[in-house]
Amino acid sequence: MRTHGTSMLLARLLVLAALVGLGVADPTVAPAQERLRVLATLPDLWSITRALVGELGDVQVATRPGQNPHDLEIRPSQILLVKRAEILVRNGLEEDAWIDPVIESSGNPRLLRGSPSVVEAVRGLPVLKVRTGAVDRSLGDVHPSGNPHFTLDPGTAPVVTANIVAGLSRLRPDLAERLETNRRRFLDEVAAAAQRWTQTLAPYRGAPVVSYHDSWPYFYRAFGLEEVGIIEDRPGVPPSPQHLATLIRQMRERGVKVVLVESWYQTDTPTAVARAAGAQILVVPQSPGAMKGTDTYIGHLDALVTAMARALAQ
Amino acid sequence: MRRHRYLSLVVWLLVSSGIPTTSGYAQDADALRRELETLRRQLSTMTQAYEQRLNALSDRVQQLEAGQAPATQTLATAPPPKPLTPSAAPATTRSATPAAVPTPPPAAPASAPPVAVAALAPGAVAQAPAAQASEGPTLKEMLTPRQPFALSTPGRTLLFDIGVSGDFVADLTSARVERRQEGTFPGQENRFIPREVELSLFGRVDPYASAVVRISAGEESSTNAPASRDLNVNLDEANVTLLTPPLGTTARFGLMRPRFGTLNTVHQDDLPQVDRPDVLTQFFGPEEMDGESGLEAFWVLPLSNYNELSVGIFNGDNEVAFGRGSLRKPLVMGRWRTFFEFEEHGGLQLDFSAASGFTSDNQRNTLVGLGAKYKWAPSGSGFPVFTLAGEALAGFRNVSATDAGPSGARHLERWGAYLYGQYDLNRHWAAGLRGDWTELPTAPGREWAISPYVQFKPSEFLRFRVQYKHTEGTGSVERSVNEVLLQGTFILGAHPAERF
């Protein structure tokens, strides 16, 4: 009897181990017709993908909203997110290159670069500020393939959403039609909002502005603002006094009113520059979700445009 | 410079061919004079022709440069999308110099001619010099300093990453400590030490695997012969990670730093302080457990929070802890690591490790480690960052009768630990304090140390540290040591993102 009980216990343990080993308890091997499990590397891609997926699935993001992706360190919780996802939406430039070692540690080879389950949002977009000539670290922590903050121009939404929907549909053809419907609705909303944003910033077309970090070229292009200079002229490296002096002189000459600062940077240097040049700093989140009411792509750009218009009006 | 070259060529041709021909009429001075005058005229004509040619080429270079400058700022990889309203606004780009006044280039229409698009691509830019190659280098090319070495150029992509890290330290202490070689780097006190310069090559092997190769060189001092300091080159790592084994497992084989404890996988230049904590150097040696050859598999468990399990089998080549070096009696180790994400309140990582193998005199040695690391960073700027981390290690070691010592004990149980806290004020400045306490793994005695330090990082790729360390030892490590440790590290090229 005792032997029988031990055998039963062992048998149950073996069955349990087999179930766990075969992935029954593993959410990564769930049946195909379940909800989409999408992981976006960055909050802007997360907000766009969420609008496209809607009720069809869950969209997670690998970075916390408001977190500087340049100072990112790999956390084990990100490995878990990657392991659970069935499709990855990534920027496609170097902005989220840190995701590669995370994927390699996750045991989820479906999300390795080059896999059909990986969407690169940048594909087909003209990229600004591609470095030419010799590129090395004397230029700072530059993005050699170009500026990756393209979602700040709503005009890129058709291509970005097309890439994402194509990737999701590749994985789940049964959802393709509904995803495309969501995409059309989202683009209509963005187009309507873009008209509003353009009107809001129309009085300031050509206004000279200065950035702390080189995050905004697409935003400036979209709304006709003119970038006079960047405080952090070499990304990740404190600016030299000579550079700041030159920039302040240029700001005075051009009548720059606004210095745009991402909310994850400390404001002492931009404040000093703005004060010296007779401008003001405008601290805004560079990606959605960092402020209340900016979880959506449109909500985030709404906040940016409104804040910029208010700052330029002063 | 080019002009001189042509003139020299002409003169040389004339001297080598013309003058010997005219030497046949040397008796006739007038004839020679006329011939000389003719040559002068020819030379003058040719010089003028070359000057005109040079001027024409210079003008052409200037025209080409003027025409290309704005085009190189953007890359059109495909026809632009159908624009929404904002994209219809005039495009604003900047020149390569960030502070430069921007010029609004015309927005490329969707049906832009392919020539215009091609002219914007890096490959097209790279073709321009090639087209002129038949005419020799331009003036600007001759005046531009050449890059001595380039691994990857537009259109020629390197298929793996290369990084070089350099780690230089100095151990400043008293003459007494130097004489007795009691410092943190025995035999290298009061010296600048190239501790490790490491060449890393890493990338994907194929769709199923990635690989890393690390070769390092560093100064190693012999405590028996302090004057003898060699720069040794070692193969630190050469391993392949299999990315697609079944059941979500990842496997690694080759020469590696095994997954044991918290700091064993961390390279010398990435340590949180200048030196590796005392307990780790006492139980494993100055570089902890590096250079083990074997096979390791790890698995992220399908649970609600992060749990990673790894198991490995190795030769057991570490001479301090093991040293048997044979798969007949292998070193077997495993680690369980978990992580709790507290969102706004930081993250906590816990690890539990065990390793069991045999020493060179065939005695079993088992080590058990427990590590914890807590890190808090606010949302927004991400600074300041507060880190609290520590590790405890216990050793259970059998010793031979000859090594049993006065007590005659054949089984030793020793342990040690370290704990440090670090405060990162911003991305450039940090300060911290580490405490060490450890017994010795085989000899009688124990030691403790306290180490405050300051760190400055001008950028992500350059770091300086100053660390003061006071150590007190008893027993076979009887000593009282004060040291100032200096460190400078750099990273050249590719470097993976930092881990928690």
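Given the structure is predicted, the values throughout are model-derived calculations rather than measurements. Every chain is numbered from 1, with letters handed out A, B, ... down the list of sequences. Below, each value reflects all heavy atoms present in this structure, side chains not excepted, and no hydrogens, waters or symmetry copies.
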- Message: Please verify the inter-ring angle class for Y374(B) with F342(B); under 30° counts as parallel, over 60° as perpendicular, anything in between as tilted.
- Response: tilted
- Query: Are E73(A) and R499(B) ion-paired here, with the side-chain N under 4.0 Å from a carboxylate O?
  - Reply: no
- Note on the structure: From the list G107(A), S77(A), P208(A), the residue making the most non-hydrogen contacts under 4.5 Å with chain B is S77(A)
- Message: Less than 4.5 Å to any heavy atom of chain A: does that hold for the side chain of Y208(B), its backbone, both, or neither?
- Response: neither
- chain A contact via R427(B) - which portion, at a heavy-atom distance below 4.5 Å: side chain
- Note on the structure: With chain B, the option among N68(A), L112(A), L201(A), I103(A) that has the most non-hydrogen atom pairs under 4.5 Å is L112(A)
- Item | Contact summary for P158(A) and G155(A), nearest pair of heavy atoms | CD-O, 3.3 Å
- Query: Between R337(B), H428(B), Q349(B), which has the largest tally of heavy atom pairs under 4.5 Å with chain A?
  - Reply: H428(B)
- Item | K375(B) NZ/CZ over F500(B) ring centroid, <6.0 Å and within 45° of normal | yes
- Query: Tell me, side chain or backbone of F383(B) under 4.5 Å from chain A's heavy atoms, or both, or neither?
  - Reply: side chain
- Task: Go through P235(A), G66(A), P109(A) and name the one with the most non-hydrogen pairs under 4.5 angstrom from chain B.
- Result: P109(A)
- Message: Can you tell me which portion of S459(B) sits under 4.5 Å from chain A's heavy atoms? Options are side chain, backbone, both or neither.
- Response: both
- Could you look at P378(B) and say if it's the side chain, the backbone, both or neither that has a heavy atom under 4.5 Å from chain A? neither
- Message: Shorter than 4.5 Å, heavy atoms on both sides: which option in K457(B), E460(B), R204(B) has the most such pairs with chain A?
- Response: R204(B)
- For S105(A), is it the side chain, the backbone, both or neither that has a heavy atom under 4.5 Å from a heavy atom of chain B? both
- Okay, S106(A) and chain B: the region with an atom under 4.5 Å from a heavy atom over there is backbone
- Query: Would you call D351(B) and R335(B) a salt bridge, using N to O less than 4.0 angstrom?
  - Reply: no
- Message: Students often mix this up, so state it plainly: with edges at 30° and 60°, are the rings of Y265(A) and Y212(A) parallel, tilted or perpendicular?
- Response: tilted
- Examine whether an atom of R64(A) lies under 4.5 Å from a heavy atom of chain B, and if so say whether it belongs to the side chain, the backbone or both; otherwise answer neither. side chain
- Polar side-chain atom of S115(A) near backbone of R110(A) as donor-acceptor pair, under 3.5 Å: yes
- Task: Answer with yes or no whether the side chains of W98(A) and Q78(A) bring together a donor and an acceptor at under 3.5 Å.
- Result: no
- Query: Would you say the side chains of T387(B) and D424(B) form a donor-acceptor pair under 3.5 Å?
  - Reply: no
- Identify which of N147(A), L72(A), I79(A) forms the greatest number of heavy-atom pairs closer than 4.5 Å to chain B. I79(A)
